[in-house]
There are 2 protein chains.
Amino acid sequence: MDASENIEEAIEVLQQLGLKEYEARCFVGLTRLETGTAKKLSELTEVPRTRVYDAIRVLEAQGLVEIQHSSPQRFRAVSLDEATETLRDQYEDRVERLHDALETVEIVDEDDEEPIQQVWAMSGQDGIENRTEDLIETTTDEIVLVIGDESLLTDDLVDTLQEVENGIDLLLGAVNESLEEELRAAVPNATTFISGLEWLHGENAEADETAIGRLLLVDRSTILVSSIVPDTKVEQAIFGEGFGNGLVVIARRLMAQGLISPHDPIS
Amino acid sequence: MDASENIEEAIEVLQQLGLKEYEARCFVGLTRLETGTAKKLSELTEVPRTRVYDAIRVLEAQGLVEIQHSSPQRFRAVSLDEATETLRDQYEDRVERLHDALETVEIVDEDDEEPIQQVWAMSGQDGIENRTEDLIETTTDEIVLVIGDESLLTDDLVDTLQEVENGIDLLLGAVNESLEEELRAAVPNATTFISGLEWLHGENAEADETAIGRLLLVDRSTILVSSIVPDTKVEQAIFGEGFGNGLVVIARRLMAQGLISPHDPIS
DNA sequence: CACTTTTTCACTCGATTAATCACAACACCT
DNA sequence: AGGTGTTGTGATTAATCGAGTGAAAAAGTG
């Protein structure tokens, strides 16, 4: 049965959410038990009986578990919806506190440096997607976006694209027809095309099969290119700003040659 | 200046959100620096210079920081909005995974026990509030809610109260006039009153000044009573279900004597 | 009052994290 | 080129924290 997989998954996730192993095990144990004593819980979860109490106390303080002060004590988990809601509240609260604390701070005066040719790297699907959406939202003239893997076309991204103002040129490229299809359907106000992005798989196709992720060129002055590393599926991106930026220049050159757009060159 | 307090706060919160100390310090450092090298960061944040690199790497992998691969390397934080959004996404994803994993599991068959006189305890404002709202939403006939501290009257709670169906009696008590005022304004479809809840401060007023938090009686069969411990401000609650439950019986008795409601007794 | 079960608490061991150090690679200067 | 300070990596030590164990107090049971 894959129930035990789910149990393990739940325990892992709870730990990522900040619980200790015993706490996670106990909570999951309780969700399967309706109501339980330390003994039953210990048997079910492999947590040493003598430590169940500590774990439960912590869980209770977080509002995830109720305690019946009888003897023996009975424990039970709050409903799944209540639990997730509580966790959400907790996290939302933290993120907000972080936001408040940082927005008032900012900026130590700076002996500035050369603002030239900056190319930045970032990784992680979430962060790159947020940056992508950010850039799209601040565009004034033109967006060129090529999607190289359908896993990157999230609902959020589609939403962002649909809300692009009418005055802005929106060019959406895909690496194959089915994806183009999808794009056209999802974002009717865009011009779609099949990208000539063989330059990654094509002539440069050496050993490592680096898959292209996305390519975003905004107002011909800011570019973001990402790739997906074959093994780990991690998305990595580089990001350049400024009309004179080397990366951006290269991107314009590519466009001029019709490689990433169906349009005529504008050198 | 309280800027440094905010900085400490931010570092703490980031750790609660799962970052290590060095990672948190580096991130906060970068939000104050526009762009920084390992050396500058180390000076600003007290993180050993040689450890800055590791910290930045994990931040980068989380999408919180960008790296410029020059020499020396330059780092910069993504915008505050991007960062919080990324953190939110991350968390939301986890909570969802938890939900999915647990909803398919549930329930180990049980040699049932006596379902009598159960009184449960829980603590933590978040959890108690969620339970309160849950109970309000599932009411069929009557809600009696007494609020003992204005800090408990959150927007969420007000929303929940406003959405109570018309057929349901909604009685809202407060411990003083200003709070009653507030309640009446926020929830017009309710009957409000000043509660006679001296039984906590009054005759029982021993040494410890236990402040009453909230008292909720739903359909005369489920009750939740909370108090706020003086020092730590932590809210603690007890919770009983079932018409025959001891706690519930006591609550009905109190009502019958007009102590927690302006209405006539229904024994 | 013996005798079990439940509960708390203090302690060991191992793993993770913070902190320091040694060294190789590199940029910069004359 | 060669010297000099800076930059990045890896190894090493020290401190901290959590998992696991056992002793003993407290509560129940016959």
Side-chain angles (χ1 to χ4, degrees), chain A residues 8 11-30 33 35-62 65-76 111 113-114 116-118 120-121, chain B residues 8 11-12 14-30 33 35-62 65-76 111 113-114 116-121:
Chain A
E8 288 308 315
I11 292 173
E12 252 178 61
V13 175
L14 280 167
Q15 284 182 270
Q16 291 174 6
L17 290 170
L19 297 192
K20 306 305 172 203
E21 182 182 333
Y22 286 170
E23 293 155 20
R25 302 191 92 84
C26 283
F27 180 77
V28 174
L30 279 182
L33 214 50
T35 175
T37 64
K39 189 171 179 216
K40 272 202 264 180
L41 249 191
S42 166
E43 286 159 4
L44 183 64
T45 63
E46 319 257 71
V47 174
R49 209 200 16 187
T50 66
R51 311 244 79 205
V52 169
Y53 303 99
D54 310 66
I56 294 286
R57 261 194 288 274
V58 175
L59 290 172
E60 198 253 11
Q62 300 216 13
V65 159
E66 294 164 284
I67 299 179
Q68 185 180 355
H69 290 286
S70 52
S71 182
Q73 292 181 304
R74 296 282 163 111
F75 314 120
R76 75 175 185 191
D111 11 77
E113 312 283 319
E114 2 68 82
I116 46 162
Q117 296 264 130
Q118 303 197 326
W120 299 90
Chain B
E8 287 308 317
I11 292 173
E12 250 179 61
L14 279 167
Q15 284 181 273
Q16 290 174 6
L17 290 169
L19 297 191
K20 306 304 171 201
E21 182 183 334
Y22 285 170
E23 294 155 18
R25 302 191 92 85
C26 283
F27 180 77
V28 174
L30 277 183
L33 215 50
T35 176
T37 63
K39 189 171 180 217
K40 273 201 264 180
L41 250 190
S42 165
E43 286 159 2
L44 183 65
T45 62
E46 320 256 72
V47 174
R49 187 186 58 82
T50 63
R51 300 288 93 215
V52 168
Y53 302 99
D54 309 66
I56 293 289
R57 260 194 288 274
V58 341
L59 289 172
E60 198 253 10
Q62 301 217 15
V65 159
E66 295 165 284
I67 299 179
Q68 185 179 359
H69 290 286
S70 52
S71 182
Q73 293 181 308
R74 296 283 162 100
F75 313 120
R76 74 175 187 193
D111 12 75
E113 313 284 318
E114 3 66 80
I116 44 159
Q117 296 261 133
Q118 303 198 325
V119 178
W120 299 91

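Chain letters run A, B, ... following the sequence lines, proteins first and then strands; every chain starts at 1.
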Reading 5' to 3' through nucleotides 20-30 of chain D, protein heavy-atom contacts under 4.0 Å coded B for base, S for sugar-phosphate only, - for none: BBB----SS--

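Put simply, CG on A/L19 is 12 Å from P on D/dG18, counting in whole angstrom units. One can place CG of B/L41 at 11 Å from P of D/dG8, the figure rounded to the nearest angstrom. If you measure from atom CD1 of B/I67 to atom C1' of D/dG8, you get 12 Å, rounded to the nearest angstrom. Nucleotide D/dG8 holds its C1' atom 15 Å from the CZ atom of B/R74, rounded to whole Å. One interatomic measurement links the two molecules: CD of B/Q73 to C1' of D/dT9, which rounds to 11 Å at whole-angstrom precision. Atom-to-atom, CG of B/D54 to C1' of D/dA11 comes out at 12 Å; the value is rounded to the nearest Å. The nearest whole Å value for the distance from the CD atom in B/Q15 to the C1' atom in D/dC17 is 13 Å. Rounded to an integer number of Å, the gap from CD1 of A/I11 to C1' of D/dA19 is 15 Å.
Taking each heavy atom of B/T35 and B/R76 in turn, the nearest pair found is CA-CB, 4.2 Å. The two residues A/I56 and A/C26 come nearest to each other via the heavy atoms CD1-CB, 4.4 Å. Heavy atoms only, all atoms of each residue included: A/S42 and A/R49 are closest at OG-N, 3.4 Å.
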Where do B/L19 and B/L59 land on the side chain to side chain contact (heavy atoms under 4.5 Å, CB included) test, with the steps shown first? CA-CA 9 Å; B/L19 297 191; B/L59 289 172; 3.8 Å; yes

Could you walk me through whether B/Y22 and B/D54 satisfy the side chain to side chain contact (heavy atoms under 4.5 Å, CB included) test, starting with their C-alpha distance in whole Å, then the side-chain angles of each, then the deciding distance to 0.1 Å, before giving a yes or no? CA-CA 9 Å; B/Y22 285 170; B/D54 309 66; over 6 Å; no

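Contacts classified as salt bridge (Lys or Arg N to Asp or Glu O under 4.0 Å) and involving residues 14-30 of chain B (residues at least two apart or in different chains) are given here: B/E21-B/R25.
The distance from atom CG of A/L14 to atom CD1 of A/I11, rounded to the nearest 0.5 Å, is 8.0 Å. Put simply, CD on B/E66 and CZ on B/F75 are 12.5 Å apart, with the number rounded to the nearest 0.5 Å.
Across all strands shown, A/R25 has no heavy atoms under 4.0 Å from either base or sugar-phosphate atoms.
Bounding nucleotides for the chain A contact on DNA chain C, 5' to 3', at a heavy-atom distance below 4.0 Å, are C/dT6 to C/dA10.
In this structure, B/T37 and B/Q73 have side chains that are not in contact, with every pair of non-hydrogen atoms separated by 4.5 Å or more.
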